[in-house]
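Inspection log for the structure reproduced underneath, given as structure tokens.
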Amino acid sequence: SAYSVKRVRISAQYERIAAENVPAERVLDLSRRWGVELDRMEQYESATAGGVRLETLWPPGQSALASNDSGLVLKLTFARRTILFPADIEAPAQAELLQSRRALACDVLIAPHHGSFEMTTGEFVDAVDPLYIVSSNDRTLSQRQRAFERTVPQRTLLRTNRCGAVAIVIE
């Protein structure tokens, strides 16, 4: 309500998953009550507005994956710079996305699942090959988050617990 949202982009699986997730179901309920359009994004679909291109890399249309692995993986391109938003995907989705390594390459990676380690983390980050990794996380890192850091020591990792709010500016 604070931002007068007119449209929300969701995956084809969102409504199925929302049935088992109270906050997600609330988003659907409020969207319907407030007349917000629910735009179901399909894999490989893209949209362009104001010079910004948004591509949907994941999930596949008829996936039965768990909620984390059914999150929208979006690639934003503007002024020849790219940012990958991989939601909370874990090893199963990362492994599938690695089948299309070239599509993953980006300048900035928003760390999947708050920068938590998966068996696929090293290979996934190498495929993305980002200049920067940004991770939104709590003040105290979990074991899996510390393992993520050990896996990407050569990368610039900006965690919100150390950096505060991180702004990526593309000019």
Which atoms form the tightest heavy-atom contact between [X] and [Y], and what is the distance?
X: Glu90; Y: Asp69; answer: N-OD1, 2.7 Å
X: Gln13; Y: Pro60; answer: NE2-O, 2.7 Å
X: Ser46; Y: Arg53; answer: OG-NH2, 3.4 Å
X: Thr82; Y: Asp107; answer: N-OD2, 2.8 Å
X: Trp58; Y: Ala93; answer: NE1-CB, 3.6 Å
X: Leu131; Y: Arg81; answer: CD1-NH1, 3.9 Å

Hey, quick one: are [X] and [Y] part of the same hydrophobic cluster, counting side-chain heavy atoms closer than 4.5 Å, chains of contacts allowed?
X: Leu74; Y: Leu76; value: yes
X: Leu54; Y: Val134; value: yes
X: Ile168; Y: Val73; value: no
X: Val152; Y: Phe124; value: yes
X: Leu98; Y: Tyr44; value: no

Subject >> Donor + acceptor pair across side chains of Gln94, Thr120 (<3.5 Å) >> reply: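 A pair is found: one side chain offers a donor N or O, the other an acceptor, under 3.5 Å apart.
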
Distance in Å, [X] [atom1] paired with [Y] [atom2], rounded so as to fall on 0.5 Å steps:
X: Glu45; Y: Asp39; atom1: CD; atom2: CG; result: 6.5 Å
X: His114; Y: Asn137; atom1: NE2; atom2: CG; result: 8.5 Å
X: Glu20; Y: Ser67; atom1: CD; atom2: OG; result: 8.0 Å
X: Ser4; Y: Lys6; atom1: OG; atom2: NZ; result: 5.0 Å
X: Arg26; Y: Ser31; atom1: CZ; atom2: OG; result: 10.5 Å
X: Ser135; Y: Leu109; atom1: OG; atom2: CG; result: 9.0 Å

Heavy-atom distance under 4.5 Å between the side chains of [X] and [Y], does that happen here?
X: Glu25; Y: Leu28; value: yes
X: Asn161; Y: Asp138; value: no
X: Leu84; Y: Pro130; value: no

Counting only heavy atoms not in [X] (residues, nucleotides, ligands), do more than 12 fall under 6.0 Å from its [atom1]?
X: Glu171; atom1: CD; answer: no
X: Glu37; atom1: CD; answer: yes
X: Arg146; atom1: CZ; answer: yes

Original post:
Which is it for Asp126 and Arg155 under the salt bridge (Lys or Arg N to Asp or Glu O under 4.0 Å) test, yes or no, and what are the steps along the way?
Top reply: CA-CA 10 Å; Asp126 285 347; Arg155 306 281 181 177; 3.3 Å; yes

Subject >> Test: Asp129 and Arg101 ion pair at under 4.0 Å >> reply: no

**OP:** Show the numbers, then the answer: is there a side chain to side chain contact (heavy atoms under 4.5 Å, CB included) between Tyr14 and Leu72?
**Re:** CA-CA 9 Å; Tyr14 189 87; Leu72 283 172; over 6 Å; no

**OP:** Verify side chain to side chain contact (heavy atoms under 4.5 Å, CB included) between Leu157 and Phe148, making sure each step is shown before the conclusion.
**Re:** CA-CA 10 Å; Leu157 174 59; Phe148 182 94; 4.2 Å; yes

**OP:** Applying side chain to side chain contact (heavy atoms under 4.5 Å, CB included), run through Ile110 and Ile83 and close with a yes or a no.
**Re:** CA-CA 7 Å; Ile110 307 303; Ile83 303 174; 4.1 Å; yes

Could you tell me whether a side-chain N or O of [X] sits under 3.5 Å from a main-chain N or O of [Y], the two making a donor and an acceptor?
X: Gln43; Y: Leu57; answer: yes
X: Arg159; Y: Leu141; answer: no
X: Arg144; Y: Phe117; answer: yes
X: Arg9; Y: Arg7; answer: no

Subject >> side chain to side chain contact (heavy atoms under 4.5 Å, CB included) between Val166 and Tyr132, intermediate numbers included >> reply: CA-CA 11 Å; Val166 176; Tyr132 303 98; over 6 Å; no

